[in-house]
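Every heavy atom of this structure was used, including side-chain atoms; hydrogens, water molecules and symmetry mates were not.
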Amino acid sequence: MGKLTEFLMKAPPPPQQTGFCMPMMKRWVPRALQPWIYVMTAFCFQFSGGMYLGALDGIRGTTNFMIEDVMMLLYATLAGMAVWFPMLFKMKFRFTNRQLLCTSAIVIGICNLVTMHSQSMPLLLAVCFIAGIAKIQGTFECMSNIQQWITPRRDFAVFFPVLHIILLTAIEGSGWLAAWMGHHLTWQMMHVFTISAMSFVLLTQSVLCRPFCPMPNRISLSGTDWQGALLVCLTMLLYSYIFVYGDYYRWTESRQIRMAAALALVSTGLTGYRLLHYTYPYIELQLLKCKNVVPILIVTTLAELAFGAEHTLEEILYSEVVGLEELTKECQYLWALPGMFLGIAFDLYWLKVRKWKIWKLIGFAFLAIFSYALLMYVTIGPDVSIEQYRLAIVLRGFGYGILSPALMWALQESVPRLELFFMGLFAFNITHMYLGGAMGYGFYATIFSHFLNEDMLHYGRQLTLTNPGLAQLDIPEFLGGSYLHSMMLVALKQVYGYVIWYALFLASLFLLCDIPAVRTNIRKVPLWPVLAIEYLAERRKGD
């Protein structure tokens, strides 16, 4: 087994003059066109989803859903994506590319049909969760097949930044497209568009591709810890419920949040027990023993807590204070894309060209977050046009464009096996979406409400009978007009003030302290069949 692996790793690459060839494509398809077909397919999957936050106005106008309900469905989709990462490695060597892509497309199409016509939250939670699994499976299958087209040496310092061009473009673009559909047509038309995109995937796979699997002897899925995976799913959804609905139900004052917290603690304990005592757990404990993995997860959580200001405070500013409709708001958010592309280019220069230390790069990302929060703090006001916020949006896009590829690259450099890396991606997305993302949403919503209540109480103390202007005060206008908006602006400034100090502290920590970096020498990654052979050899040793 070792000699075969060594032979495959030392085998010379195919002659460059023949061009990049994809074995799953039919021979008559031009080679120059082959990878671009899979790029388009990846965009189709990334633009898909369960429920689209960009169509929030239309959804709330025709259904009884609150913004918390739509956010919960969004996190259910993200939970499906996160929990499926450890399975991606096995699925690639168990099924053909056509089976994986066609099944993912059919599942997403069915899920979008259901979300168009159902208002049952339990059903929609399950549907959005399944849609998230299909979305990440289809995206991974596309990108893994064109990896050597992007970087022939399989250099992840190049691959991850290029991958995030697709991911971040789709994140911002799908929100804008859903808002455009909801404004000019109906919010259901975004689901119709997704179903059409999945039909395009099925058509290209049927006409242009043939079944292909990089491993002739298929890997069995027996022994997979499905019970552990279900426990992880339940735990993620419970924490999502707590963070999303916490401020709405007044946290521990409500029976719903107390019950969800108790169940979350129990499921977390059961998950930890299986991790320690099961022979092949869904997530191996060895992952946390790898060098730099725990620091990377901590940095991810801290970064997402900072970016939670964007998710929550900008939504309050544009929706509640300025009163923008969804399409105008999503057009405003598109200004993050230029910043993201600049951040990705900065990553490529730092990691690929200069090969400098990763932690200082993260310091620049936090510096961008600090600049964003500072600019929002000094810009927010009652007579400010929305155009004046665009530079701040570009800055936060720049910080996000730096952090996402850099942290993923650092994680890949810190784990010894590719299978373990996919488990690391699961842990990365847990901290990215839940400990950071969902917790940040609940945290900022709560402290904003606290500051707003404090400000209203402060103004209320001045409404006394000895105040000569009380007779001229219009109470309804005070509670629902410009006075309330002014207090909301003050509360937003207060929260952004804390974000400024938080981001400045983290930026100083990473820029001024010489923290030992992960290895900057890019290691060579073997071909997919070699990885499968190594995986089978390790499983046989374990048995």
Side-chain angles (χ1 to χ4, degrees), residues 56 66-68 71 243-244 246-251 253 305-326 328-329 332-333 335-336 368-396 399 439-506:
L56 181 61
M66 307 180 296
I67 184 173
E68 288 83 3
M71 289 293 294
F243 293 136
V244 171
D247 184 65
Y248 178 79
Y249 285 120
R250 312 300 299 174
W251 296 101
E253 295 180 11
L305 280 174
F307 279 112
E310 170 253 322
H311 301 308
T312 308
L313 302 183
E314 286 190 34
E315 181 69 26
I316 295 172
L317 174 64
Y318 296 136
S319 299
E320 304 298 332
V321 180
V322 182
L324 298 181
E325 60 177 0
E326 284 296 329
T328 307
K329 186 170 61 178
Q332 183 82 346
Y333 290 155
W335 283 92
I369 300 173
F370 160 76
S371 303
Y372 154 74
L374 180 63
L375 197 56
M376 291 295 291
Y377 181 86
V378 300
T379 305
I380 287 177
D383 299 319
V384 176
S385 64
I386 61 172
E387 289 80 8
Q388 293 176 261
Y389 296 111
R390 288 176 179 174
L391 180 57
I393 296 175
V394 172
L395 285 172
R396 68 155 164 89
M439 186 169 64
Y441 173 82
F443 174 74
Y444 283 107
T446 300
I447 61 174
F448 171 79
S449 299
H450 170 75
F451 283 131
L452 182 61
N453 292 334
E454 287 288 326
D455 294 338
M456 292 184 70
L457 182 62
H458 172 73
Y459 281 104
R461 289 185 183 133
Q462 301 181 27
L463 299 180
T464 63
L465 294 176
T466 58
N467 189 337
L470 181 61
Q472 288 78 29
L473 181 65
D474 188 345
I475 298 296
E477 183 184 356
F478 176 82
L479 295 177
S482 59
Y483 290 99
L484 179 59
H485 287 170
S486 298
M487 286 186 286
M488 294 177 74
L489 290 174
V490 172
L492 286 172
K493 277 180 170 286
Q494 290 173 298
V495 180
Y496 270 117
Y498 283 97
V499 177
I500 289 170
W501 288 110
Y502 174 72
L504 181 61
F505 169 75
L506 292 175

Rounded to the nearest 0.5 Å, what separation is found between the [atom1] atom of [X] and the [atom2] atom of [Y]?
X    : Y    : atom1 : atom2 : value
S371 : M376 : OG    : CE    : 13.5 Å
F370 : L395 : CZ    : CG    : 11.0 Å
E387 : Q332 : CD    : CD    : 7.0 Å
F307 : I369 : CZ    : CD1   : 3.5 Å
L391 : W335 : CG    : CH2   : 10.0 Å
E68  : Y248 : CD    : OH    : 7.0 Å

Requested in this report: Check the surroundings of atom OH in Y377: do more than 12 heavy atoms from other residues, nucleotides or ligands lie under 6.0 Å from it?
Outcome: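 Counting other residues, nucleotides and ligands, OH of Y377 stays at 12 neighbours or fewer.
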
Query - CZ/F443: more than 12 non-hydrogen atoms of other groups inside 6.0 Å - result: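 Result for CZ/F443: open.
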
Query raised in the report: With sequence neighbours excluded, what pairs up with E314 under the side-chain hydrogen bond (donor to acceptor under 3.5 Å, both in side chains) test?
Result: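 For E314, the residues satisfying side-chain hydrogen bond (donor to acceptor under 3.5 Å, both in side chains) (neighbours in sequence not counted) are Y372, R396.
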
**Report entry** Partners meeting side-chain hydrogen bond (donor to acceptor under 3.5 Å, both in side chains) with E253 (sequence neighbours left out)
**Finding:**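 Per chain and number, E253 pairs via side-chain hydrogen bond (donor to acceptor under 3.5 Å, both in side chains) with no residue.
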
Query raised in the report: Only one of L452, I500, L313 clears side chain to side chain contact (heavy atoms under 4.5 Å, CB included) with V495; which?
Result: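 Of the listed residues L452, I500, L313, the side chain to side chain contact (heavy atoms under 4.5 Å, CB included) partner of V495 is L313.
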
Report task. Kindly give the heavy-atom pair with the smallest separation between V384 and T379, and that separation in Å. Result ->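 Minimum heavy-atom separation between V384 and T379: CG2-O, 3.0 Å.
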
Report task. Check L375 against A392 and note the closest heavy-atom contact, atom names and distance. Result ->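 Closest approach of L375 to A392: CD2-N, 3.5 Å.
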
Within a strict 4.5 Å, meaning less than it, do heavy atoms of the [X] and [Y] side chains meet?
X    : Y    : result
F448 : T312 : no
I380 : Y389 : yes
L489 : L317 : yes
Y318 : T328 : no

Query raised in the report: Short question: side chain of Y444, backbone of L305 - any donor-acceptor pair under 3.5 Å?
Result: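 Yes.
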
Requested in this report: Before giving the answer on side-chain contact (heavy atoms from CB on, under 4.5 Å), spell out for M71 and M66 the whole-Å C-alpha distance, their side-chain angles and the decisive distance to 0.1 Å.
Outcome: CA-CA 9 Å; M71 289 293 294; M66 307 180 296; over 6 Å; no

